[in-house]
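When a ligand or atom number is given, it counts from 1 through the structure's own listing order. By convention here, the first residue in the shown sequence is residue 1. Predicted, not measured: the structure shown is a model, and the values here were computed from it.
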Amino acid sequence: MSILVINAGSSSIKYTLFDSATLRVIDHALIEELRDHHHGFELMQVQFQQHGIDITQINAIGHRVVHGGDKFHEPILIDDSVLYEITALIPLAPLHNPANIEGIIAARTIAPNVPNFAIFDTAFHQTIPPHAYRYPLPQNWYETYHVRRYGFHGTSHHYVSIQASRILEKPLDELNLITFHIGNGVSACAIEKGKSIDTSMGMTPLEGLMMGTRCGNIDPSIIAYMVHQSGMSVEEIDTMLNKKSGLFAIAGTNDLRSIIEAKTNGDHHAALALDMFSYRLRKHLGEYMAVLRGVDAIVFTGGIGEHSPLIHEMVCNGLEHFGIEIDSDKNRKGEVQIHTEQSSVALLVIPTDEERQIALYVQNKLKNM
Ligand code: ADP
């Protein structure tokens, strides 16, 4: 029997089919250039037959849904009212939730008897207290327009925190962690006794750290200033902040490997991009050290977090007075634990696996059904 994990984009579906008992991966693919999501499920149906699996007979489907607002704080079985709520959240995630919804509708059409679960990127952060999730903005912006911090990458932060607890052999609810998900999107999470108490992304994934093509924190008045000065529309500027900023704006590419190579060849823009990127990560690390008042481990994950010893060093070097000591040999060798024996804070490099975490959530839900 099996669990299917779906990540539906606007014209693509990424899927992973797991054995429901062992969570062994049976099949995994990205299907692109889809006519619609129904078409995607038809292609999957054919594909799964090769493994002797009938999509209408699988145990459950777990759908990644980007925005759960403040309605959803855990994975949930999808019925009509849940689907309605996810649809009502479209204004908060206009680029993502519509595709997620289409994936859910296609799944329900092709396999009507299979239960569907929604797993939200925002859910893990629903434990963040009001003093961290509220913005200092007019009250009715929050009450009427739901303007607050929600946070994203929740499934990833949760997954690596569980792995950190295994590695450190200490229960998760006794651990304080700072987790850095550093891929094209970048976010940090302050985890107190296993629960998210703050995160760097905000109402949208644009806030916080410098990213591949997103700017992260900037002075909000820059937007009004640029509207007036450049004649660009607010929408054009929003696109620039999301798609043409970050590493891409400074180095001319958002591929960190190319940036490191360019820096080695003496490119000043690449060097500046790396300095800015790691400086902002280090600033956030300092913030969360203060927020947590004691940290057991700092975790690096995501494409860059898992593979770039240079970034680990640029972030962690010189923080001995915080009890953080990186072991450059272990770091360069690609070990999981990259701190020295004297370091009072553990430094861990843990590959994320959001699909597996979604399958774990679904497995758990099925057990309790
Ligand atoms: P996404 O957020 O789109 O899932 P990833 O988590 O795959 O992205 O991260 C992509 C980033 O990881 C790119 O900037 C890529 O250059 C970087 N990356 C991947 N492997 C390495 C590596 N060996 N060294 C440095 N950066 C790497």
Side-chain angles (χ1 to χ4, degrees), residues 5-16 28-30 32 64 66 93 95-96 99-100 119 121-122 151-160 163 179-189 199-201 204-216 242-265 267 269-278 280-281 299-316 326 328 330-336 338 348-358:
V5 173
I6 294 292
N7 187 349
S10 54
S11 63
S12 68
I13 295 182
K14 195 157 102 179
Y15 74 81
T16 311
H28 171 73
L30 172 67
E32 289 179 291
R64 175 197 180 210
V66 167
L95 298 178
H96 295 105
N100 302 152
I119 288 85
D121 276 19
T122 48
F152 299 88
H153 285 153
T155 306
S156 175
H157 289 294
H158 192 196
Y159 179 79
V160 298
Q163 299 309 314
T179 50
F180 283 110
H181 179 111
I182 319 176
N184 258 317
V186 181
S187 73
C189 185
T199 192
S200 58
M201 284 179 171
T204 76
L206 187 58
E207 192 184 343
L209 292 150
M210 180 171 171
M211 313 189 201
T213 62
R214 294 188 205 124
C215 57
N242 276 288
K243 300 224 153 63
K244 302 280 179 205
S245 300
L247 287 171
F248 175 82
I250 308 298
T253 168
N254 56 326
D255 180 349
L256 195 88
R257 272 170 298 198
S258 317
I259 298 174
I260 294 173
E261 202 182 311
K263 180 192 164 166
T264 316
N265 297 330
D267 182 328
H269 300 292
L272 176 62
L274 282 168
D275 285 343
M276 289 171 66
F277 191 72
S278 55
R280 284 170 174 241
L281 284 164
V299 180
F300 293 99
T301 193
I304 296 171
E306 290 163 31
H307 301 293
S308 178
L310 177 68
I311 292 294
H312 304 153
E313 259 164 38
M314 290 179 86
V315 173
C316 296
I326 188 164
S328 39
K330 289 180 184 167
N331 185 34
R332 294 277 150 187
K333 279 188 200 145
E335 292 188 12
V336 174
I338 57 167
L348 308 176
V349 181
I350 303 177
T352 194
D353 194 340
E354 286 156 289
E355 283 78 21
R356 180 165 300 271
Q357 184 59 43
I358 291 176

Is any NZ, NE, NH1 or NH2 atom of the basic residue among R332 and E313 found under 4.0 Å from an Asp or Glu carboxylate oxygen of the other?
-> yes
At what distance is the nearest protein heavy atom to atom 24 (N) of ligand 1, and which residue and atom is it?
-> H307 O, 3.4 Å
Are Y15 and H28 close enough that their ring centers fall under 6.0 Å?
-> no
So which of M211, E261, R257, E306 gets nearest to atom 19 (C) of ligand 1, if we judge by its closest heavy atom?
-> R257
Can a protein heavy atom be found under 4.0 Å away from atom 12 (O) of ligand 1?
-> yes
Would you say G302 has any N or O atom under 3.5 Å from an N or O of ligand 1, going by distance alone?
-> no
Using a heavy-atom cut-off of under 4.0 Å, does the side chain or the backbone of I311 touch ligand 1, or both, or neither?
-> neither
Protein heavy-atom partner closest to atom 17 (C) of ligand 1 - residue, atom, separation in Å | I304 CG1, 3.5 Å
Do ligand 1 and G303 have nitrogen or oxygen atoms that lie under 3.5 Å from each other?
-> yes
Using a strict 4.0 Å cut-off to heavy atoms of N254, name the atoms of ligand 1 that fall inside it.
-> 14 (O)
Could you tell me whether the side chains of T301 and H181 share a donor-acceptor contact shorter than 3.5 Å?
-> no
At what distance is the nearest protein heavy atom to atom 14 (O) of ligand 1, and which residue and atom is it?
-> L256 N, 3.0 Å
Examine ligand 1 and decide if any of its atoms is less than 4.0 Å from a heavy atom belonging to G185.
-> yes
Nearest protein heavy atom to atom 2 (O) of ligand 1, by residue and atom, and its distance?
-> N184 N, 2.9 Å
Sequence neighbours excluded, which residues qualify as ring-ring contact (aromatic ring centres under 6.0 Å, His included) partners of F152?
-> H67
Salt bridge (charged side-chain N to carboxylate O under 4.0 Å, His left out) contacts touching residues 245-254 (sequence neighbours left out) | none
Test of proximity, S308 against ligand 1: N or O pairs below 3.5 Å = no
Salt-bridge test for E207 and R214: reply yes if a basic N is under 4.0 Å from a carboxylate O, no otherwise.
-> no
Heavy-atom contacts with D255 under 4.0 Å: which atoms of ligand 1 show up? List them by number with element.
-> 14 (O), 15 (C), 16 (O)
Could an N or O of ligand 1 be found under 3.5 Å from any N or O of H181, whether backbone or side chain?
-> no
Check: P309 main-chain N/O paired with N331 side-chain donor or acceptor under 3.5 Å | yes
Are side-chain heavy atoms of R64 and T155 found at a separation under 4.5 Å?
-> no
Distance-only polar pair, side chains of H157 and S187, donor-acceptor under 3.5 Å = yes
